[in-house]
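Notes for the one structure printed next.
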Amino acid sequence: MKNLYEVKVAKFGGSSLADAAQMKKCADIIKAEPSRRFVVPSAPGKRFREDVKVTDLLINCFALSAAGGDWLPVFEEVEARYNGMISGLGLELDLSSEFATIKQKLAEGAPRDYVASRGEYLNGRILAAYIGYEFIDAADVIFFDNEGRFDATKTNNFLSDLLAGKENAVIPGFYGSTPDGGIKTFSRGGSDITGAIVARAVMADMYENWTDVSGFMMCDPRIVENPRPIKIVTYRELRELSYMGATVLHEESIFPVKVAGIPINIRNTNRPSDIGTLIVNSTEGFRTDEIITGIAGKKGFSVIRIEKDMMNSETGVAMRVLKVFADIGLSFEHLPSGIDTMCVVINSADIKGREREILGAISKAISPDNLELEGSLALIAVVGRGMAGMPGTASRVFTALAREGINVSMIDQGSSELNIIIGVHEDSFETAIRCIYSEFNHE
Ligand code: ADP
Ligand code: ASP
Ligand code: MG
């Protein structure tokens, strides 16, 4: 028997809710445990590889409408997806007045976030009707401030009071509202954030995140075939992995549950009996002996390499370099430095077309002995709490890369001994991940 007081928040991703058959699986999962009282759905995702997510269809409607084009045929695809779900589930629900409102707003030039958010809104309406839970519009409970920043305090106060009096509810993911009543969305994949916010508000015992994989794999399954699943990972490790592109969970979704110490369980809607990945504050009490927890990476970086003799002893050099970036409003990703060198790793997209301006400003600020910019860099994070106190992990990584003839153009080892970040040319990205993975996983 389940403990009556146990509360779980279950967030279902786009592929888990892509059509009526998938939605039935979600409903079965919800009904299997009475503790699954609060449910956060995404918009319908892809049903097959070439399919288009409803959110993308809606963003396309907005783009067409903004450009004065004909968005109606695309919106009719959206309507058809929802109507297909309603009939596939045998529901009485009629969403035609909702569709009419959205079309009316599109015709009047509705903003992007409003249009994009309708995917979750409509899916929430259907799921709530199907499982018989109360529907709560996220616009009424998830708050952003006038600058468009998520207002965690206001939201948590309001939502925890409201949900304390509810037996159950469906709250659509991805969006909320601003003080003027407008709709604001999180960044793409943001339903994960809503799930975490709701979990914190009800002080859930568990935040379940249902998706299309049986948890976090040690690396992206699109790069390494059948990577080992991660059974348990800490919030901090996961934050490093998500930030570096392991996209199972939105990187910002860790914060709300971390402050409340709520564990996250990544589960597979298509294989509900798999245990998935458990994300916790500390692995104390769990038996784990892996050195490396996971490997993740992203392309699209550039590194500015600055050399200046005696850089370390001359005061204020680093500060003047960083001031150049602050003055032009650019943030940097990493800042590995040596005795006479300093590297600034930045997003290539952020400096596009401004390379000469930036290098010129650095030259003027510190008169370096050597200054160069290297583009087409991919960053790879090798993450693992097991690395602390295990000397030799970095050298194993570099030996493995050297064996494949991969040149490492930047290294940054965090002082927490939780991760090693390396920069390689984008062309070697996939090979580098594969060879690091096999270095730590040949049985
Ligand atoms: P959802 O729509 O349920 O939110 P996402 O597409 O956002 O799901 O996230 C799940 C996907 O993340 C998987 O299908 C997989 O392709 C991808 N992915 C990237 N890195 C990893 C990893 N390390 N482990 C598992 N899946 C990963
Ligand atoms: N539907 C939104 C997206 O596609 C949010 C989400 O799925 O989490 O980005
Ligand atoms: Mg997602």
Side-chain angles (χ1 to χ4, degrees), residues 10-18 22-23 25-26 29 40-49 51-60 78 81 112-113 115-124 138 142 171-176 183-197 207-231 233 237-238 240-253 264 266-271 274 276-277 279 292-298 380-383 430 433-434 436-437:
K11 178 261 172 180
F12 291 89
S15 53
S16 302
L17 294 166
Q22 286 297 99
M23 199 175 267
K25 292 185 191 169
C26 298
I29 290 167
V40 175
S42 287
K46 293 185 182 194
R47 294 159 293 182
F48 43 89
R49 220 183 147 82
D51 200 12
V52 184
K53 294 179 176 185
V54 164
T55 308
D56 288 312
L57 290 173
L58 289 166
I59 291 173
N60 192 14
V78 174
R81 295 244 355 220
R112 176 202 175 276
D113 283 12
V115 182
S117 73
R118 296 304 87 186
E120 269 70 12
Y121 171 79
L122 295 168
N123 222 22
I142 305 283
I171 304 163
F174 192 39
Y175 70 94
I183 295 288
K184 169 90 189 130
T185 63
F186 292 110
S187 55
R188 295 299 305 267
S191 297
D192 290 334
I193 308 175
T194 312
I197 293 166
Y207 169 28
E208 290 182 337
N209 192 289
W210 292 86
T211 181
D212 61 352
V213 278
S214 294
F216 240 94
M217 308 297 153
M218 271 194 75
C219 26
D220 190 334
R222 289 162 294 193
I223 299 179
V224 171
E225 209 181 314
N226 278 328
R228 276 209 345 222
I230 302 175
K231 288 199 201 83
V233 55
E237 289 175 302
L238 191 76
E240 300 284 346
L241 290 167
S242 322
Y243 185 73
M244 285 299 270
T247 52
V248 191
L249 201 64
H250 193 293
E251 50 172 297
E252 289 164 39
S253 57
I264 310 173
I266 313 265
R267 300 283 291 269
N268 189 345
T269 301
N270 305 314
R271 294 174 59 113
D274 288 358
T277 298
I279 306 162
I292 298 295
T293 305
I295 307 158
K298 274 201 244 184
I380 298 174
V382 182
V383 178
E430 283 84 4
I433 291 198
R434 283 187 209 112
I436 300 170
Y437 175 78

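Only heavy atoms go into these numbers, but all of them, side chains included; no hydrogens, no water, no symmetry mates. As the structure lists them, so they are numbered: ligands from 1, and atoms in each ligand from 1.
- Formation of a donor-acceptor pair under 3.5 Å by the Lys298 side chain with backbone atoms of Tyr243 is found in this model.
- A cation-pi contact, defined as under 6.0 Å to the ring centre and within 45° of the axis, is absent between Arg434 and Tyr437.
- Residue Gly189 has at least one N or O atom closer than 3.5 Å to an N or O atom of ligand 2.
- Residue Gly119 places every heavy atom at 4.0 Å or more from ligand 2.
- Of the possible donor and acceptor atoms, one in the side chain of Thr194 sits under 3.5 Å from a partner among the backbone N and O of Phe174.
- Under 4.0 Å from ligand 1, not a single heavy atom of Met218 appears.
- Of the possible donor and acceptor atoms, one in the side chain of Asn268 sits under 3.5 Å from a partner among the backbone N and O of Asn270.
- Residue Ser42 touches ligand 2 through its side chain alone, judged by heavy-atom distances below 4.0 Å.
- Not one N or O of Lys11 is nearer than 3.5 Å to an N or O of ligand 2, by distance alone.
- Note: an N/O pair closer than 3.5 Å links Arg188 and ligand 2 by distance alone.
- An N or O contact shorter than 3.5 Å is missing between Ser16 and ligand 1 by distance.
- Of all protein heavy atoms, the one closest to atom 4 (O) of ligand 1 is Lys11 NZ, 3.2 Å.
- For ligand 1, none of its N or O atoms has an N or O atom of Asp192 under 3.5 Å away.
- Heavy-atom distances between Glu120 and ligand 2 reach below 4.0 Å in at least one pair.
- Considering backbone and side-chain atoms alike, Phe216 places every N or O at 3.5 Å or more from each N or O of ligand 1.
- Residue Met217 has at least one N or O atom closer than 3.5 Å to an N or O atom of ligand 1.
- At distances below 3.5 Å, not a single donor-acceptor pair connects side-chain atoms of Tyr175 with backbone N or O atoms of Ile142.
- For ligand 1, the atoms lying closer than 4.0 Å to a non-hydrogen atom of Asp212 are 10 (C), 11 (C), 13 (C), 14 (O).
- Compare Thr211, Val248, Leu17, Leu241 by their heavy atoms: the one nearest to atom 8 (O) of ligand 1 is in Thr211.
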